[in-house]
2 protein chains.
Amino acid sequence: MAPVTDRRERQREALLEAAERTIAAKGLDGLKARELAREIGCAVGAIYNLVADLDELILRVGSRTLARLDRALQEAEARPLPGSSDPAVEQLVAVALAYCRFARANLPLWRTLFEHRMAEGSTVPEWALSEQMTLFRHIALPLASLMPQAGSADVALFTRTMFSAVHGVLALGLDEKLVAVPVAELERQIETLVRLICTGLLAGEATRARR
Amino acid sequence: MAPVTDRRERQREALLEAAERTIAAKGLDGLKARELAREIGCAVGAIYNLVADLDELILRVGSRTLARLDRALQEAEARPLPGSSDPAVEQLVAVALAYCRFARANLPLWRTLFEHRMAEGSTVPEWALSEQMTLFRHIALPLASLMPQAGSADVALFTRTMFSAVHGVLALGLDEKLVAVPVAELERQIETLVRLICTGLLAGEATRARR
DNA sequence: GCAGAATTATGAACGTTGTTCAAAGGAGGT
DNA sequence: ACCTCCTTTGAACAACGTTCATAATTCTGC
C-alpha cells in the first residue's frame, strides 16, 4: 500500500490526540500550533498538510468529544433509574444527570464544543450538524411520550429547548462567572428543573384533555 | 479643579464609548488596541494609562450593558401582561421575553457578557457580582410567590436555575451552532418553558399540600 | 537501480496581536 | 527661568497563526 498516505494518517491521528490532550489539560486557549508540532515531532508548517487550519483540528476534537458524550448518554438511557413516576421522566432525568457528569468530567473538552466560534464566513460542516441530531434523540424519544398529542416538529423544537435549558444551567453553574455553586447542588437543581418541566408537560396534557 | 484629572476622565469615557461602539458593530473579536487609540486620538500606549488592560475595558463595557439590561427588565416587570393566570407567572414570562428581546437587540454586547473569560488567575471583581444579584431580583421576587413554602436560600438557588435555563435556550438559539431557529419560534419556546416550569411549581405545591 | 518528476517537510519570515518602555514633552511650583 | 514630576509617544517586544522558498524525500517509468 501507499506507506506515505499511511504515515500521514498516523500523523493526523497523533495530531488529533495531542490536540485533545492539550485542550483537556490546558483548555482551548492553551492550544498552540508550535507546541503541537513539537509534541508530534514535526515542523510547524507540516501541521497545515495534515489539517487546513487549527479550526478544523478543533472541530475534529469536538467530533470525538461528541461521540464520547453520545456513548455516555446512551448508557444512562439504557439504565433508567427505578423511578417512582413515569419511566420517560426518569429517563430524561437520567440523561440530564449523565450530561452533567460528562461535562464535569471533561470540562475543557466539553466547553470547547460551545466556546469555539467558527471563523467569520465559514459555516459549520454538515457532519457536525448530524452529530447534534444524533445526540438529541436521547431526549426526543422519552419526550415524545410526554407530549402524546404534539406533532413531531413540536417535539423536535421542544427537544432543543429542553437540552438548551439544562445546558444553560450547567454552563453557567460550572463557570465562576456567577457565584460558584457546589456540584451536588448543581445536580439537584438540574434534576429539579427536568422534573418540573415534565410535571408541567403532564399537567398541561391533563388540562388540555379535560377541556 | 485639576484639569488634567478631568481630561483623563473624559478620555476614559471616550475610550469606553469607542469600545462599546466597536463591540456592538464588530463583536468582541473586533476590539483592537490600535484601532481604539486611533478612534479616540491618542497613542496606543496611552490606553494603558486609562485602563489596566483590555480586560478591564471589556468588563466596564459589560457593566454598562448590564445596567441597560436591568432597566429593560425593570420596565417589563412594571408592565405585566394582562395574563389569564397567576400574575407572578405573567411577570416571569414578561421578564423572560424582555431578556430575549434585549439579547437580540444587543447581540454582540450581550454575548460579551458571557463569552469573555477572565485572564487565568485574576478573579471577577466584586462589583460585577453585585450587579448580577441586582438583576436576579427581577426573577426572585415573583418566583418567591410561586414557592411559598420554600426558604429564601432555595428561592435564590432556583432563581439562578431559572435564569440559566432561559439564558441557555436563548444563547444556543441565537447561535448558528445548532440548526437555526426563527426568532418568533424562539420567543414562543422561551415562553413555553417558563410557563411549564411555573405550572410544575404550582402542581408540585399542590401535590405537597395534598399530602 | 536510477534519473527525473512530484510531493512533502522545514523553519525562517510575515502580518497581527496586546503590552511595555526609553525618550520626549508639558504642567506646576519656587 | 529652572527644576521636578507626570504624561504621552510610537518604536520595540514577545507570542500568535499562517505562508512560502528551499531542501529533502518519495514516487514513477524505464
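Here the structure is a predicted model, which means the values were calculated and not measured. Order of the sequence lines fixes the chain letters, A, B, ..., with proteins taken first and strands second; residue numbering starts at 1 for each chain.
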Novice: Looking at B:E35 and B:K26, does any basic side-chain N land under 4.0 Å from a carboxylate oxygen?
Specialist: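 Yes, this pair counts.
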Novice: Between A:N49 (CG) and D:dT26 (P), how many Å, whole number?
Specialist: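 The answer, rounded to whole Å, is 15 Å.
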Novice: Figure out the CD1/P separation between B:I47 and D:dT9, and round it to whole Å.
Specialist: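 In whole Å, D:dT9 P and B:I47 CD1 are 11 Å from each other.
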Novice: Nearest-Å distance, CG (B:L50) to C1' (C:dT19)?
Specialist: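 From B:L50 CG to C:dT19 C1': 15 Å.
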Novice: Answer yes if the ring centres of A:H167 and A:F114 are under 6.0 angstrom apart, and no otherwise.
Specialist: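 Yes - the distance between ring centres of A:H167 and A:F114 falls below the 6.0 Å cut-off.
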Novice: May I ask you to decide whether B:D175 forms a salt bridge with B:R111, counting only side-chain N to carboxylate O separations under 4.0 Å?
Specialist: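 Judged by the 4.0 Å cut-off on N to carboxylate O distance, B:D175 and B:R111 do form a salt bridge.
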Novice: Can you tell me how far P of C:dT7 sits from CZ of A:R7, to the nearest Å?
Specialist: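 Taking atom P of C:dT7 as the reference, CZ of A:R7 is at 17 Å.
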Novice: Separation of A:R8 atom CZ from D:dC27 atom P, in whole Å?
Specialist: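 The answer, rounded to whole Å, is 12 Å.
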Novice: Show the distances under 3.5 angstrom between N or O atoms of the protein and N or O atoms of nucleotides 12-18 of chain C.
Specialist:
residue	atom	partner	partner atom	Å
C:dA13	N6	A:R34	NH2	3.4
C:dG18	OP1	B:L31	O	3.1
C:dG18	OP2	B:A33	N	3.1
C:dG18	N7	B:R34	NH1	2.8
C:dG18	O6	B:R34	NH2	2.8

Novice: Out of D:dG10, C:dT8, D:dT8, which has the shortest distance to the side chain of B:A43?
Specialist: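 In terms of side-chain proximity for B:A43, the closest of D:dG10, C:dT8, D:dT8 is D:dG10.
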Novice: Does the distance from a Lys or Arg side-chain N to an Asp or Glu carboxylate O, for B:E191 and B:R188, drop under 4.0 Å?
Specialist: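 No.
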Novice: Quickly work out the B:R12 CZ to D:dT7 P distance and round it to whole Å.
Specialist: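 Distance check: B:R12 CZ to D:dT7 P gives 11 Å.
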Novice: Name the closest nucleotide to the A:A46 side chain, picking from C:dA9, D:dT8, C:dG11.
Specialist: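 My answer, after comparing the listed nucleotides, is C:dA9.
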Novice: Hey, are B:D70 and B:R137 close enough for a salt bridge, meaning a charged N less than 4.0 Å from a carboxylate O?
Specialist: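 A salt bridge is present here (some side-chain N lies under 4.0 Å from a carboxylate O).
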Novice: Please give me the minimum heavy-atom distance between B:V169 and B:L186, naming the atom from each residue.
Specialist: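 It is O-CD1, 3.8 Å.
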Novice: Nearest whole Å is fine: how far is C:dA9 P from A:I40 CD1?
Specialist: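 After rounding, the reported distance stands at 10 Å.
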Novice: Please confirm whether the shortest side-chain N or O distance from B:R38 to OP1 or OP2 of D:dG10 is below 4.0 Å.
Specialist: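 Result: no.
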Novice: I need the minimum non-hydrogen distance between B:L92 and B:P142, along with the two atoms involved.
Specialist: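 So the minimum-distance heavy-atom pair works out to CD2-CG, 3.7 Å.
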Novice: C:dT8 P sits how many Å from A:Q11 CD, rounded?
Specialist: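 Roughly 12 Å, once rounded to whole Å.
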